[in-house]
Amino acid sequence: MTTRVRFAPSPTGYLHIGSARTALFNYLFARHSGGKFLLRIEDTDLQRSTEESTRSILDGLKWLELEHDENIVYQSDNADKHREVALKLLNEGKAYRDFTPKEERSDKDVKEAIVERAREQKDMRDNSFRDLSKEESDAKADVGEPFAIRLKVAASGKTNFEDAVYGLQERDYSEIEDLVLLRSDSHPLYNLAVVCDDIEMRITHVIRGQDHLTNTHKQVLIYEALGAEKPIFGHLPLILAPNRGKLSKRKHGEVVSMTTYRDHGFVAAAFRNFLVLLGWSAGEEQEIYSIDELIEKFSLDHIHKNNAVFNFQENDPRHWTDDKALWMNAEYIRTMFLEDLIPLVKAELKSAKLWRDEYEDEDKIHFEKTVDLIRERFFTLKDFSSQGRAFFSEDFDFDPTAIAKNLKKFPDLQTWLPELADRLETVEDFTHDNLEAVIKKFTEERQTKFGVIMNGARMLLTGQAVGASMLTVFETLGREKSILRLRSQIAWNQ
RNA sequence: GGCGCAUUCGUCUAGUGGUUAGGACACAAGGUUCUCAACUUUGGAACAGGGGUUCAAUUCCCCUAUGCGCUACCA
């Protein structure tokens with residue numbers, strides 16, 4: 001039997017970092033075992049589900065390159081089938097009509113009600129409609145009395161299942177109430193819908209967040225009532241905020257959204273690599289993995305039981321997201337195959353309106369050389385259009401503090417640098433080694449330090465205090481631009 | 001409240017009945033350098049606490065603490 005797994009987000013927001021990891025683990029598991037990775041949108045909560053959210057989730061998955069197999073299943077499309085199943089269980093006597101009037105409660109009240117009711121320690125089977133005869137029940141229904149359908153959970157015994165991560169799980173029936181399958185407005189509820197869809201989709205392994213671990217018992221009960229074979233469950237530890245609390249949009253903002261990383265210049269492969277290490281490890285010291293390696297090495301038995309903290313500091317721009325994610329991204333940018341990086345840089349330059357078609361035509365070699373030079377110290381793809389702007393445009397800014405430190409602190413540079421430009425005009429081969437000799441000689445003549453000249457030049461050529469080796473920058477920018485910029489007075493006038 | 005799950009450096013983690021408890025990120029110091037990165041060297045930094053079992057426990061068991069999850073006619 002081929003492995004079939006699914007990622008089943010509910011479209012009530014963007015793709016959350018924890019969901020993204022769940023999707024990734026499902027994807028890796030499917031690919032590892034040569035199975036199918038399916039996608040199901042659980043849009044049965046009408047109030048909260050939005051199309052925009054679905055789109056955003058799909059975008060996130062696409063960005064992470066977690067391509068799903070087969071058609072997307074929208075859970076709401078299956079509502080009729082879910083209702084049929086509930087009715088079937090009712091007919092078989094495995095479920096019953098509950099005519100208790102529905103209580104309207106706000107979200108906040110619900111939480112309180114749960115605690116309150118729990119305190120009462122009431123008998124889970126204490127429902128007067130549970131043992132109503134079929135005739136009485138039918139009669140009430142025929143008159144049009146509204147009812148919910150509840151599963152009839154046995155009074156004694158226990159459910160159990162072997163979780164692929166957490167091991168044997170057992171739960172006493174007495175702790176599980178007769179769960180509602182169908183609301184009184186005939187809307188199927190989550191536990192029923194999930195089980196029906198998983199059966200219909202022939203899901204073999206349910207890999208999902210640990211927040212579903214205890215509810216799994218309810219689902220097991222449904223599988224049993226239906227006489228269906230249950231899948232293998234594997235629950236994943238949660239990803240927590242730095243205070244070990246829940247990581248949420250409301251409290252933590254965009255740092256938990258997948259689109260944020262895409263929009264901040266993350267390389268999808270790098271973020272994926274970071275994500276896979278949250279809750280899983282191959283049991284070795286390697287940490288950088290290609291997607292093929294991940295597919296090969298991934299397995300459920302190296303998943304942790306302990307929750308992981310997504311470590312970031314809200315008010316510190318330097319650590320706005322997890323340091324390791326930032327490091328991983330930089331690592332990818334400077335070490336990935338240049339041919340893989342180029343399209344990403346192209347997209348970034350395009351969105352910054354810095355892209356020129358020559359870059360993949362007559363200027364291709366030069367462009368690639370430039371990217372290869374500046375990627376060395378970049379952290380995100382955004383850096384190519386910000387810090388790296390001077391390499392792609394004449395319209396770039398000068399860092400004011402760097403002007404003071406590297407330029408105006410040495411007033412002589414205002415004459416020296418244009419003089420250097422004159423000198424560079426005469427260099428035969430505009431290459432690193434030649435330039436070095438010429439500039440060293442120039443430095444000696446002016447009785448100044450090499451660094452003073454170079455950092456002054458760095459200001460005029462790149463607008464920045466930091467960057468690649470200046471000799472290489474000269475060579476990369478070329479004679480024409482170098483000379484032009486050395487003579488420019490723009491920075492001096494600021 | 002009940003039930004469940006978990007607990008190794010600040011964070012992600014490796015690991016074993018006997019280890020100097022390993023790595024990565026972050027941090028600090030030195031080297032390198034035209035700057036900044038990268039690179040490199042070094043450093044600080046952890047087995048939640050208490051009981052058992054055992055010749056020996058971070059590793060197995062129990063208790064406590066702490067954290068998290070679930071406990072809805074939400075998903």
Side-chain angles (χ1 to χ4, degrees), chain A residues 8-10 12 42-45 47-49 75 98 100-105 107 109-111 113-121 146-150 163 166-167 169-172 174-177 179-187 189-191 193-194 209-218 235 237-238 240 242 244-246 274 277-288 304-312 319 322-328 330-331 334 376-379 402 405-406 439 443 449-458 464-471:
Chain A
S10 54
T12 55
E42 308 214 319
D43 54 352
T44 50
D45 184 341
Q47 274 90 46
R48 293 193 296 158
S49 298
Q75 190 159 65
D98 180 2
T100 312
K102 185 187 173 188
E103 295 174 51
E104 290 295 342
R105 285 184 293 219
D107 269 10
D109 293 342
V110 167
K111 294 260 155 60
I114 289 168
V115 176
E116 187 54 39
R117 208 185 54 162
R119 224 179 289 278
E120 291 169 19
Q121 295 251 33
F147 59 85
I149 295 183
R150 286 184 185 271
D163 191 89
Y166 289 92
Q169 302 291 311
E170 286 187 306
R171 196 161 189 207
D172 206 283
S174 67
E175 279 147 25
I176 306 173
E177 69 166 346
L179 57 141
V180 173
L181 302 175
L182 213 59
R183 264 176 11 190
S184 49
D185 62 4
S186 90
H187 258 290
L189 251 28
Y190 174 73
N191 285 307
V194 172
Q210 195 227 64
D211 47 341
H212 292 282
L213 187 64
T214 30
N215 274 334
T216 302
H217 292 285
K218 294 179 178 175
H235 288 85
L238 268 20
L240 270 25
R244 300 205 156 262
K246 201 170 185 168
F274 164 75
L277 262 18
L278 242 37
W280 174 85
S281 81
E284 59 187 11
E285 289 188 353
Q286 184 178 346
E287 295 202 295
I288 304 282
H304 299 173
K305 299 184 168 90
N306 197 192
N307 294 340
V309 169
F310 184 57
N311 199 21
F312 60 96
H319 304 282
D322 197 301
D323 282 327
K324 199 153 182 171
L326 250 14
W327 167 79
M328 186 84 69
E331 181 72 14
R334 65 178 172 254
E376 192 66 24
R377 56 212 77 206
F378 285 172
F379 274 72
K405 192 175 142 214
N406 292 335
I439 298 172
T443 307
K449 286 190 219 157
F450 191 64
V452 170
I453 298 291
M454 289 308 233
N455 285 324
R458 181 186 306 286
Q464 297 190 322
V466 300
S469 156
M470 272 314 290
L471 294 168

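Being a predicted model, the structure only gives us computed values, none of them experimental. The chains referred to below are lettered A, B, ... by the order of the sequence lines, with proteins before strands, and numbering in each begins at 1.
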Counting the atoms with a prime plus P, OP1 and OP2 as sugar-phosphate, which does A/Thr100 contact under 4.0 Å by heavy atoms, base, sugar-phosphate, or nothing?
base
Nearest-nucleotide pick for A/Leu238, side chain only, options being B/rC74, B/rC68, B/rA26
B/rC68
Set of residues satisfying salt bridge (Lys or Arg N to Asp or Glu O under 4.0 Å) with respect to A/Asp163, sequence neighbours excluded:
none
Within the structure shown, what part of the strands sits under 4.0 Å from A/Ser10 by heavy-atom distance: base, sugar-phosphate, or nothing?
sugar-phosphate
Span that lies between the P atom of B/rG23 and that of B/rU42, in whole angstrom
11 Å
Please measure how far the P atom in B/rU8 lies from the corresponding atom in B/rA48, and state the result in whole Å.
6 Å
A/Glu376 side chain: which of B/rA37, B/rU71, B/rC73 is closest?
B/rA37
Span that lies between the C1' atom of B/rA38 and that of B/rC34, in whole angstrom:
16 Å
How would you label the contact of A/Lys102 with the nucleic acid (heavy atoms, under 4.0 Å): base, sugar-phosphate, or nothing?
base
Tell me, for nucleotides 29-36 of chain B in 5' to 3' order, what letter each nucleotide earns: B for a base near a protein heavy atom under 4.0 Å, S for only sugar-phosphate near one, - for neither?
-----BBB
Which part of the nucleic acid does A/Glu177 contact within heavy-atom distance under 4.0 Å: base, sugar-phosphate only, or nothing?
sugar-phosphate
So what does A/Tyr166 hit on the nucleic acid, given a heavy-atom distance under 4.0 Å: a base, only sugar-phosphate, or nothing?
sugar-phosphate
In the 5'-to-3' direction, what one-character label does each nucleotide of nucleotides 10-19 of chain B receive under the scheme B = base within less than 4.0 Å of a protein heavy atom, S = sugar-phosphate only, - = no such atom?
-SBSS-----
